[in-house]
Amino acid sequence: MIEASLAEGVVGRAIERGLIDVAIHDLRNFTADRHRSVDDVPYGGGPGMVMKPEPIFKALDAIEARRGGRPTVLLTTPQGARFTQAAAERYSSSKNVVLLCGRYEGVDERVLSRVDEEVSIGDYVLSGGELPALVVVDAVARFVPGVVGDDQSVAEDSFSRGLLDFPHYTRPAVVGAERVPEVLLSGNHAEIRRWRKRESLARTLVRRPDLLEKATLDEEERRLLAELQELQDGRIAELQNRKTGQ
Ligand code: 4HQ
């Protein structure tokens with residue numbers, strides 16, 4: 001599953017071009033028993049199995065020896081801090097990152113002594129850490145110089161700017177009853193830039209107002225946001241008045 005995914009798309013091409021190097025390690029290769037067990041029953045009883053610590057410690061030792069230096073060790077778990085674009089950028093400056101993927105109920109708590117950060121990709125339960133690990137690899141790889149063709153597009157990416165993206169359109173200009181906004185056909189680049197800023201801000205205000213607290217806005221953006229907030233307040237006042245019959 002991991003191999004197949006890493007062969008595709010932007011990450012696949014980055015590996016092909018030698019811009020990043022991703023190695024997959026099977027914990028069973030670091031076991032000593034006849035059954036090559038990587039899990040065992042939980043102390044204290046209860047359902048499910050727990051990942052054994054020793055194969056993980058041996059695997060981490062082998063990786064450290066092979067890469068020649070202590071890697072940043074991440075554990076994918078719903079108990080972790082939410083994985084963000086800022087975290088992806090931070091990890092991209094580590095020479096080596098290990099993504100420890102748990103299965104079953106999770107890993108023996110003592111493994112955390114070797115973990116730098118626990119990361120969660122969202123509040124839902126998956127059956128293994130492999131998909132979260134692939135998510136992290138993808139988001140981190142995009143910050144490695146050369147991986148994304150256009151450096152400009154990485155800098156302007158929705159979350160790097162701290163705002164949601166503006167709407168995109170391509171040809172044809174008319175589909176059924178739906179027309180492309182006139183400003184995008186105008187050729188007026190200053191107007192287009194302003195329209196996109198306004199749309200980004202409006203979407204963020206409505207869908208993810210929490211993002212606005214951290215977003216760094218320029219002068220024009222602060223003014224546009226104030227206008228949008230006034231419009232929104234007006235609409236809320238209108239709704240309130242309708243309810244109270246004022
Ligand atoms: N799991 N974000 C349980 C996740 C998860 C998530 C990974 C399921 C670890 C043991 N990981 N295993 N959400 O749901 O990172």
Side-chain angles (χ1 to χ4, degrees), residues 1-12 14-15 20 22-31 33 35-64 71-94 96-144 157-160 162 164 207-208 210-211 214:
M1 167 185 170
I2 296 173
E3 255 166 36
S5 170
L6 291 177
E8 300 286 332
V10 169
V11 171
I15 294 170
I20 58 170
V22 187
I24 306 164
H25 306 269
D26 183 350
L27 285 173
R28 287 196 189 281
N29 296 336
F30 301 93
T31 55
D33 66 309
H35 299 290
R36 308 221 292 162
S37 319
V38 294
D39 61 336
D40 204 341
V41 296
Y43 273 118
M49 299 291 272
V50 177
M51 305 269 300
K52 291 164 64 62
E54 305 100 307
I56 295 173
F57 290 150
K58 283 185 186 157
L60 289 174
D61 290 341
I63 292 165
E64 192 167 326
T72 301
V73 180
L74 308 180
L75 174 67
T76 57
T77 165
Q79 278 77 50
R82 178 64 56 83
F83 180 59
T84 60
Q85 186 74 348
E89 185 162 24
R90 196 154 48 74
Y91 301 146
S92 74
S93 62
S94 291
N96 294 291
V97 178
V98 170
L99 283 149
L100 181 50
C101 312
R103 272 279 169 109
Y104 321 108
E105 300 309 305
V107 301
D108 183 292
E109 192 68 13
R110 292 166 292 185
V111 167
L112 294 181
S113 65
R114 299 282 299 266
V115 169
D116 294 294
E117 287 179 44
E118 296 174 76
V119 298
S120 168
I121 64 159
D123 293 339
Y124 35 77
V125 181
L126 301 168
S127 36
E130 291 84 357
L131 287 170
L134 287 167
V135 166
V136 172
V137 168
D138 191 294
V140 172
R142 296 175 59 81
F143 279 108
V144 174
D157 264 337
S158 170
F159 281 109
S160 289
L164 297 183
R207 301 184 193 185
R208 294 293 308 279
D210 57 300
L211 293 178
K214 283 192 198 160

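For the single chain, residues carry numbers from 1 onward in sequence order. Every number for a ligand or one of its atoms is a count from 1 in the order of the listing. On a predicted model such as this, the values are computed, not experimentally measured, just so you know.
Between the Thr77 side chain and the Gln79 main chain, a donor and an acceptor come within less than 3.5 Å of each other. In this structure a side-chain-to-backbone donor-acceptor pair under 3.5 Å is missing from Ser94 to Val97. Not one N or O on the side chain of Ser5 forms a donor-acceptor pair closer than 3.5 Å with the backbone of Ile2.
Closer than 4.0 angstrom to ligand 1 by heavy atom are Thr76, Thr77, Pro78, Gly102, Arg103, Tyr104, Gly106, Val119, Ser120, Ile121, Gly122, Tyr124, Val125, Leu126, Gly128, Gly129, Pro132, sorted by chain and number.
Residues Val98 and Pro71 share a closest heavy-atom pair of CG2-CG, 3.7 Å.
Scanning for side-chain hydrogen bond (donor to acceptor under 3.5 Å, both in side chains) contacts around Asp39 gives an empty result, with sequence neighbours left out.
With respect to the salt-bridge test (charged N to carboxylate O, under 4.0 angstrom), the residues Arg110 and Asp108 qualify.
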